[in-house]
Amino acid sequence: MSSKVEEFGLFINGKWVTPPKAARFQTINPATKEPISSFVSATPADVTRAVDAAQLAFPAWRDTPAPMRGELLLSAARLLRERKSAVGQIVTQEMGKVIAEGLGDVQEAIDFIGYMAGEGRRLFGETVPSELRSKFCLTVRQAKGVVACITPWNFPTAIPNWKIAAALITGNTVVFKPASNTARCAAEVVKVYEAAGLPAGVLNFVTGSGGVVGKALVEDPRVRAVSFTGGVDAGRDVYVRGAHQLKMVHLELGGKNPVIIMDDANLPLALEGVLFGAFGTSGQRCTATSRLILHEKVYDEFLSMLTRRLKTFSVGDPLDPATGMGPVASEDQEKKILEYIAIGKKEAKLVCGGEKLTGGLYDRGYYIAPTIFETRHGTRISKEEIFGPVLSVIKVADYGDAVRVANDVDYGLSSAIYTRDVNRAFRAVEDLEAGITYVNAPTIGAEVQLPFGGIKNTGNGGREAGSAAIEEFTEVKTVFVDFSDKLQKAQIDSESAA
Ligand code: UN1
């Protein structure tokens, strides 16, 4: 990327526009603290203009045959594939995840857009028999209208597309508000849809704070649904504001995801899984492994394998393919994680890491050492979401104890168990309170063709991606067609065996 700080406007009604006298903010490379791009701090009036545009574009987009909408999505997927390497670099530079993961983020976006393109030729409804003669009953899926997609910084191209591609294929028009610190990644997503030839107003892009832009979006009565991924407090605020207007609010929030390692586990396999799950993306995934629940019979052995392995785990320049973990995403993130590490040092036993890294390239960015604490279940670090490279290790006596600890948190997104006992594995699938359970694999790595989401404080009951994506963005219309040429009364005329 050139050292020049590129300026972006808002994307409203098919045009990049910069409102007069707009205030601006910059995005920052967390590995170097250098500015990357500059964005508009939109005002509520800008948000209104974006919703106006989306509202105006809605009837024609809704009436465009879904397979044609799918063609446009397919073009967007192809374009993003062509730009994958460049956009992956931007993800790494703006968010700090290592380059393999930056490219993976973009690949997840490509995969999902392609998957949704195919949905243009499905969008299945139901056909159901009638209780009356000469009557046909079916359901169709209809667009909701203008929807808001509010997205986080940790998957800055994938998560926007989980929402945008699903909203578009189902005939909605979109106002997209990304996390401020990864607005450049978001702009690259918008540029792909623009280049694919999406009609003006179908996708609009507004940048700025949640408190101003997000709030204005959620409170605009013309926005019929809000899909939000982010923190619990912000999610609760969005939910409450949406509730006043009885609008559909979809929330994907935090996690405190456990990996259980049983005494019969393949330990070298589990080791690689724990490492990737806990320290991939510097632990900044909703699905990150933040609790390692270890059976007492393998406790000492596994912990020493883990600490030994960490000695060769490299933290550094995220653009270097040899690096295992890059910086954390921002100054705010660094501050919050270091606060949790300080709490951990008081209430638990530090095994390794536990500090801000300094010297050389570390002084230029927000680097924190991969950190492991041994703790009892119940401490703050064992129960609260940290969203950083901090792993709490908890010893348990048996499977029952492991499940009790795993479930005793306020979140329920992802979970995993390593065991060679097939009965135990299926038992865990039933017992673990989470939206996702992995067997012999880490808590991260969900695939787009399956529903994604969780229970408890992780959300409000919905799922996104997979088949759930269509439900998230559609209303069901139930249709009765009576071709009997007479008034037939359900429940009254119905022939009954009773
Ligand atoms: C998130 O952390 O919010 O399963 C999303 C995974 C990724 C998506 C994570 N495919 O880890």
Exercise. Within 45° of the six-membered ring axis of Phe228 and under 6.0 Å from that ring's centre, is NZ or CZ of Arg236 located there?
Worked result: no
For this session: Would you give the length of the straight line joining atom CG of Leu292 to atom OG of Ser382, rounded to the nearest 0.5 angstrom?
Result: 12.5 Å
For this session: State which residue, out of Leu203, Leu168, Asn172, fulfils the side chain to side chain contact (heavy atoms under 4.5 Å, CB included) condition with Trp61.
Result: Leu168
Exercise. Between Thr371 and Gly353, is there a donor-acceptor pair closer than 3.5 Å when you use the side chain of the first and the backbone of the second?
Worked result: no
For this session: Under the side chain to side chain donor-acceptor pair (under 3.5 Å) rule, collect the residues that match up with Arg78, sequence neighbours excluded.
Result: none
For this session: Could you tell me whether Arg241 and Asp237 have a side-chain N and a carboxylate O separated by less than 4.0 Å?
Result: yes
For this session: Let me know which of Asn457, Asn257, Leu253 forms a side chain to side chain contact (heavy atoms under 4.5 Å, CB included) with Leu413.
Result: Asn257
Exercise. Does the side chain of Lys97 come under 3.5 Å of the side chain of Thr281 through a donor N or O and an acceptor N or O?
Worked result: no
Exercise. Okay, side chain of Thr157, backbone of Val87: is any donor-acceptor separation there less than 3.5 Å?
Worked result: no
For this session: Please report the C-alpha distance between Lys383 and Asp410 in whole Å, then the side-chain angles of each, then the deciding distance to 0.1 Å, and finally whether the side chain to side chain contact (heavy atoms under 4.5 Å, CB included) criterion is met.
Result: CA-CA 8 Å; Lys383 296 196 81 169; Asp410 291 337; over 6 Å; no
Exercise. Can you find a heavy atom in the side chain of Gln107 that is under 4.5 Å from one in the side chain of Ile110?
Worked result: yes
Exercise. What class does the angle between the rings of Phe8 and Phe39 fall in, given that below 30° is parallel, 30 to 60° is tilted and above 60° is perpendicular?
Worked result: parallel
Exercise. Does Arg309 come within less than 4.0 Å of Glu272, counting only side-chain N to carboxylate O?
Worked result: yes
For this session: State, with a plain yes or no, whether a side-chain heavy atom of Leu271 is found less than 4.5 Å away from one of Leu275.
Result: no
For this session: State the OH-CG distance between Tyr366 and Leu357, to the nearest 0.5 angstrom.
Result: 15.0 Å
Seminar exercise, completed: The salt bridge (charged side-chain N to carboxylate O under 4.0 Å, His left out) partners of Asp63 (sequence neighbours excluded) come to none
Exercise. Counting only heavy atoms not in Lys33, do more than 12 fall under 6.0 Å of its NZ?
Worked result: yes
Problem set entry | Lys/Arg-Asp/Glu bridge criterion (N-O < 4.0 Å) met for Lys256, Glu385 | no
Exercise. Do Glu384 and Tyr340 have side-chain atoms, one donor and one acceptor, less than 3.5 Å apart?
Worked result: yes
For this session: To the nearest 0.5 angstrom, please state how far the SG atom of Cys149 sits from the CD1 atom of Ile159.
Result: 12.0 Å
Problem set entry | For Leu79 against Ala196, the heavy-atom pair lying closest together | CD1-N, 3.6 Å
Seminar exercise, completed: In short, Lys177 meets Leu217 closest at the heavy-atom pair CB-CD1, 4.0 Å
Exercise. Is it true that a side-chain atom of Thr64 and a backbone atom of Ala60 form a donor plus acceptor pair closer than 3.5 Å?
Worked result: yes
Exercise. Closest heavy-atom contact between Pro258 and Ser414?
Worked result: CD-O, 3.3 Å
Problem set entry | Sub-4.5 Å side-chain heavy-atom contact between Val226 and His250 | no
For this session: Give a yes-or-no answer on whether the side chains of Arg24 and Ser38 include a donor-acceptor pair shorter than 3.5 Å.
Result: yes
Exercise. Between the side chains of Glu94 and Thr27, does any donor sit under 3.5 Å from an acceptor?
Worked result: yes
Exercise. Any chance the side chains of Thr229 and Lys163 put a donor and an acceptor closer than 3.5 Å?
Worked result: yes
Exercise. Can Trp162 and Phe473 be said to form a ring pair (Phe, Tyr, Trp, His ring centres under 6.0 Å), step by step?
Worked result: CA-CA 11 Å; Trp162 288 5; Phe473 289 104; over 10 Å; no
For this session: Please tell me if the side chains of Val328 and Pro389 come closer than 4.5 Å, counting only heavy atoms from C-beta onward.
Result: yes
For this session: Determine, for Lys215 against Glu219, whether the closest basic-nitrogen to carboxylate-oxygen distance falls under 4.0 angstrom.
Result: yes
Exercise. Do the side chain of Thr458 and the main chain of Gly254 share a donor and acceptor less than 3.5 angstrom apart?
Worked result: yes
Exercise. Which is it for Thr18 and Leu10 under the side chain to side chain contact (heavy atoms under 4.5 Å, CB included) test, yes or no, and what are the steps along the way?
Worked result: CA-CA 6 Å; Thr18 299; Leu10 309 174; over 6 Å; no
Exercise. How far apart are the C-alpha atoms of Lys456 and Tyr411, what are their side-chain angles, what is the distance that settles it, and do they pass the side chain to side chain contact (heavy atoms under 4.5 Å, CB included) test?
Worked result: CA-CA 5 Å; Lys456 303 183 191 167; Tyr411 297 102; 5.7 Å; no
Exercise. Within the distance-only criterion (no hydrogens, no angle test), does the side chain of Thr151 pair as donor or acceptor with the backbone N or O of Pro160 below 3.5 angstrom?
Worked result: no
Problem set entry | Minimum side-chain heavy-atom gap Tyr362-Ile368 below 4.5 Å | no
Exercise. CE of Met262 to OG1 of Thr419: how many Å apart, nearest 0.5 Å?
Worked result: 6.0 Å
Exercise. Under 4.5 Å between any side-chain heavy atoms of Ile372 and Val393, yes or no?
Worked result: yes
Seminar exercise, completed: Of all heavy-atom pairs linking Pro178 and Val206, the shortest is CD-O, 3.4 Å
Seminar exercise, completed: Separation between CG (Asp317) and OG1 (Thr92), nearest 0.5 Å, reads 9.5 Å
Problem set entry | Check: Asp220 main-chain N/O paired with Lys247 side-chain donor or acceptor under 3.5 Å | yes
Exercise. Rounded to the nearest 0.5 Å, how far apart are CZ of Arg62 and CD of Gln142?
Worked result: 8.0 Å
For this session: Would you list the pairs meeting side chain to side chain donor-acceptor pair (under 3.5 Å) in which at least one residue belongs to residues 436-448, sequence neighbours left out?
Result: Thr289-Thr443, Ser415-Thr437, Glu447-Gln449
Exercise. Is Val218 close to Ile150 at the side-chain level, that is, under 4.5 Å between some pair of heavy atoms?
Worked result: yes
Exercise. Considering only heavy atoms from C-beta outward, does the side chain of Leu267 approach that of Ile261 to under 4.5 Å?
Worked result: yes
Exercise. Is the shortest side-chain N to carboxylate O distance from Glu119 to Arg122 below 4.0 Å?
Worked result: yes
For this session: Taking Asn266 for its side chain and Arg420 for its backbone only, find out whether a donor-acceptor pair lies under 3.5 Å.
Result: no
For this session: For Leu269 and Tyr418, run side chain to side chain contact (heavy atoms under 4.5 Å, CB included): C-alpha distance rounded to whole Å, both residues' side-chain angles, the deciding distance at 0.1 Å, then the answer.
Result: CA-CA 9 Å; Leu269 176 72; Tyr418 282 83; 4.0 Å; yes
For this session: Quick one: closest heavy-atom pair of Asn154 and Cys286, and the distance?
Result: ND2-N, 3.7 Å
Exercise. Below 4.0 angstrom, N of the basic side chain to O of the carboxylate: do Glu6 and Arg184 qualify?
Worked result: yes
Problem set entry | Exam field: side chain Ser330 to backbone Gln333, donor-acceptor pair closer than 3.5 Å | yes
Problem set entry | salt bridge (Lys or Arg N to Asp or Glu O under 4.0 Å) between Arg83 and Glu188, worked out | CA-CA 9 Å; Arg83 298 178 189 181; Glu188 295 299 324; 5.1 Å; no
Exercise. Just checking, is any N or O donor in the side chain of Glu194 or Trp16 under 3.5 Å from an acceptor N or O on the other one?
Worked result: yes
Exercise. For the residue pair Gly208 and Ser180, what are the closest heavy atoms and their distance?
Worked result: O-OG, 3.2 Å
